[in-house]
Amino acid sequence: MRVIFMGTPDFSVPALEALHDAGHEIVCVYTQPPRPAGRGKKDRPGPVHQRADALGVPVRHPVSLKTPEAQAELAALGADVAVVVAYGLILPQPVLDAPRLGCLNIHASLLPRWRGAAPIHRAIMAGDCETGVCIMRMEAGLDTGPVLMHEALAIGATDTTADLHDRLSDVGARLIVQALKDMDALSAKTQPDAGVTYAHKIDKAEAAIDWTRPAKEIDRQIRGLSPFPGAWFEHGGVRIKVLGSRLVPGTGAPGVILDDALSVACGEGAVQLTRLQRAGKGAQDADVFLRGTPMPAGTKL
């Protein structure tokens with residue numbers, strides 16, 4: 001097929017590669033414009049942009065698709081289908097209608113649960129036991145379109161957003177190739193009204209750890225916000241991010257370290273911190289972290 005690919009971050013790259021490797025003609029990649037990055041704050045293309053350049057695929061990065069000119073340019077590509085995954089721009093109806101077979105979205109949740117911007121984070125933070133990927137035919141509403149294919153994935157007790165991100169990205173890449181192959185045989189299923197939830201964008205204000213909360217909630221917060229923005233606490237006037245954790249037995253005053261392995265008492269139960277990051281430093285496993293920042297039992301966070 002003649003495919004328009006629309007995506008921006010790392011999550012989108014495996015799908016682009018899979019479609020290319022499957023022999024589809026990627027007539028154009030649409031992605032977010034380069035952003036300032038690095039110490040020099042020079043404009044740097046995003047991951048999809050960089051991979052498209054390496055594959056020799058034309059790239060466009062309009063700031064909006066709402067203008068008649070941008071819509072006409074897209075329609076002129078004569079695409080059979082557009083594949084959209086974490087693109088970052090709203091698609092107006094003329095864009096949705098332009099490809100012969102419409103626009104298909106790779107969405108990282110089991111719709112209608114977790115429509116919206118941060119489905120992976122929210123699934124972990126809510127304590128869901130499973131998540132997955134849906135291939136959805138896009139319409140004007142926010143992730144409201146009918147679903148063509150889906151695949152569930154279990155969420156493990158220590159899974160972080162980073163862990164699920166990579167697994168779901170690979171599942172999405174495999175499913176979209178299968179969806180295009182079986183397009184004529186697939187039947188789109190309307191999403192039920194029951195069970196709709198919204199994965200609102202992550203606010204950095206959610207990242208501060210409140211040790212008076214139950215351990216299970218703090219554990220989900222830590223894992224759901226890892227690696228970005230990273231749940232954090234302060235120690236000795238320094239902000240420390242926690243990027244990994246697990247539930248452990250233990251009781252005590254909230255915020256007090258219970259042992260030499262960074263088990264911390266919470267409002268109910270305890271959580272062990274397994275991976276941490278000091279400000280301006282790289283992430284470290286707890287045993288390595290403790291060599292440079294001792295936190296013996298009895299320390300109050």
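- The heavy-atom pair separating Ile202 from Pro229 by the smallest distance is CG2-CD, 3.7 Å.
- Glu130 contributes atom CD, which lies 8.0 Å from atom CD1 of Ile155 (distance to the nearest 0.5 angstrom).
- Minimum interatomic distance between Asp163 and Thr158 (heavy atoms only, all atoms of both residues): OD2-O, 3.9 Å.
- Of the candidates Val133, Leu186, Asp182, Leu186 is the only one forming a side-chain contact (heavy atoms from CB on, under 4.5 Å) with Met149.
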Review point. Do Ile257 and Leu262 pass the side-chain contact (heavy atoms from CB on, under 4.5 Å) test, and can you show the C-alpha distance, the side-chain angles, and the key distance before you say yes or no?
Key: CA-CA 6 Å; Ile257 296 177; Leu262 277 182; 3.7 Å; yes
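- Atom CD of Glu206 has more than 12 heavy atoms from other residues, nucleotides or ligands within 6.0 Å.
- A donor-acceptor pair shorter than 3.5 Å can be found between the side chains of Gln191 and Arg115.
- Contact check for Val27 versus Val3: no side-chain heavy atoms found under the 4.5 Å cut-off.
- Using a 4.5 Å heavy-atom cutoff, the side chains of Met6 and Leu74 are in contact.
- For Leu142, the CG atom sits in a packed shell: over 12 heavy atoms of surrounding residues, nucleotides or ligands are nearer than 6.0 Å.
- Exactly one of Leu65, Val48, Val59 qualifies for a side-chain contact (heavy atoms from CB on, under 4.5 Å) with Tyr30. That residue is Leu65.
- Between atom CG of residue Asn105 and atom CG of residue Leu111 there is a gap of 8.0 Å, rounded to the nearest 0.5 Å.
- Classification of Arg223 and Asp219 as a salt-bridged pair holds, one side-chain N sitting under 4.0 Å from a carboxylate O.
- Follow the hydrophobic side-chain contacts under 4.5 Å out from Val264 and you never reach Val256; the two are in separate clusters.
- Closest approach of Val81 to Leu104, counting heavy atoms only: CG2-CG, 4.0 Å.
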Check your understanding: Given Ile209 and Leu301, is the side-chain contact (heavy atoms from CB on, under 4.5 Å) satisfied, shown in steps?
Key -> CA-CA 10 Å; Ile209 298 173; Leu301 304 181; over 6 Å; no
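- At a threshold of 4.0 Å, the pair Glu69-Arg60 does not count as salt-bridged, since none of the basic side-chain nitrogens sits closer than that to a carboxylate oxygen.
- Contact annotation: the side chain of Arg278 approaches that of Phe289 to within less than 4.5 Å [non-hydrogen atoms, C-beta and beyond].
- Thr190 contributes no side-chain N or O that, together with a main-chain N or O of Pro146, makes up a donor-acceptor pair within less than 3.5 Å.
- Enclosure of atom CZ in Arg246 is not indicated, since only 12 or fewer non-hydrogen atoms of other residues, nucleotides or ligands lie within 6.0 angstrom.
- Between Ala173 and Ala18, the shortest heavy-atom distance links the atoms O-CB, 3.8 Å.
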Practice item. Decide side-chain contact (heavy atoms from CB on, under 4.5 Å) for Gln284 and Leu276; before the verdict, give the C-alpha distance in whole Å, the side-chain angles of both, and the deciding distance to 0.1 Å. Key: CA-CA 5 Å; Gln284 298 175 314; Leu276 303 96; over 6 Å; no
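- Scanning both residues, Gly269 and Ala215, for their nearest heavy atoms gives C-CB, 3.8 Å.
- With no hydrogens or angles considered, a side-chain donor-acceptor pair links Thr144 and Glu139 at under 3.5 Å.
- A chain of hydrophobic side-chain contacts below 4.5 Å, direct or via other Ile, Leu, Val, Met, Phe, Trp or Tyr residues, connects Trp211 to Ile240.
- Between the side chain of Arg2 and the backbone N or O of Gly78, at least one donor-acceptor pair lies under 3.5 Å.
- Gly116 approaches His107 most closely through the heavy-atom pair O-CE1, 3.6 Å.
- For the pair Leu55/Val29, no side-chain contact is recorded, criterion being any heavy-atom separation below 4.5 Å from C-beta on.
- Taken to the nearest 0.5 Å, the NE2 atom of His121 stands 8.5 Å off from the NE2 atom of His165.
- Residues Ile106 and Val13 share a single hydrophobic cluster, defined by chaining ILVMFWY side chains whose heavy atoms lie under 4.5 Å apart.
- Residue Arg35 holds its CZ atom at 10.5 Å from NE2 of His61, rounded to the nearest 0.5 Å.
- No donor-acceptor distance shorter than 3.5 angstrom exists from the side chain of Ser245 to the backbone of Leu273, with no hydrogens or angles considered.
- By the criterion of side-chain heavy atoms lying less than 4.5 angstrom apart, applied directly or through intervening Ile, Leu, Val, Met, Phe, Trp or Tyr residues, Met183 is grouped together with Ile135 in one hydrophobic cluster.
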Check your understanding: Are His235 and Thr299 close enough, and set up right, to give a side-chain contact (heavy atoms from CB on, under 4.5 Å), and what steps lead you there?
Key -> CA-CA 9 Å; His235 175 65; Thr299 300; 3.6 Å; yes
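- Applying the 6.0 Å contact sphere to CZ of Arg44 captures no more than 12 heavy atoms from other residues, nucleotides or ligands.
- Of the possible donor and acceptor atoms, one in the side chain of Asp259 sits under 3.5 Å from a partner among the backbone N and O of Ala261.
- Counting only heavy atoms from C-beta outward, the side chains of Ile120 and Thr131 never approach each other to under 4.5 Å.
- Side chain of Ser226 to backbone of Thr160: no donor-acceptor contact under 3.5 angstrom is found.
- Residues His150 and Lys189 are not in side-chain contact: their nearest non-hydrogen atoms beyond the backbone lie 4.5 Å or more apart.
- Put simply, the side chain of His24 does not reach to within 4.5 Å of the side chain of Val83, judged on heavy atoms.
- Between Arg100 and Asp80 a salt bridge is recorded (basic side-chain N to carboxylate O distance below 4.0 Å).
- With 3.5 Å as the limit, one finds no donor-acceptor pair spanning the side chains of Asp166 and Ser169.
- Between the side chain of Ser263 and the backbone N or O of Leu258, no donor-acceptor pair lies under 3.5 Å.
- Atom NZ of Lys181 sits about 12.5 Å away from atom CE of Met1, to the nearest 0.5 Å.
- Leu89 and Phe11 fall into different hydrophobic clusters, where Ile, Leu, Val, Met, Phe, Trp and Tyr side chains are chained together by heavy-atom contacts under 4.5 Å.
- Panel note: side chain Glu217, backbone Gln221; no donor-acceptor pair is recorded below 3.5 Å.
- The shortest distance between side-chain heavy atoms of Phe5 and Val85 falls below 4.5 Å.
- Distance check: Leu96 CG to Gln71 CD gives 10.0 Å after rounding to the nearest 0.5 Å.
- A 6.0 Å sphere centred on CG of Asp193 holds no more than 12 heavy atoms belonging to other residues, nucleotides or ligands.
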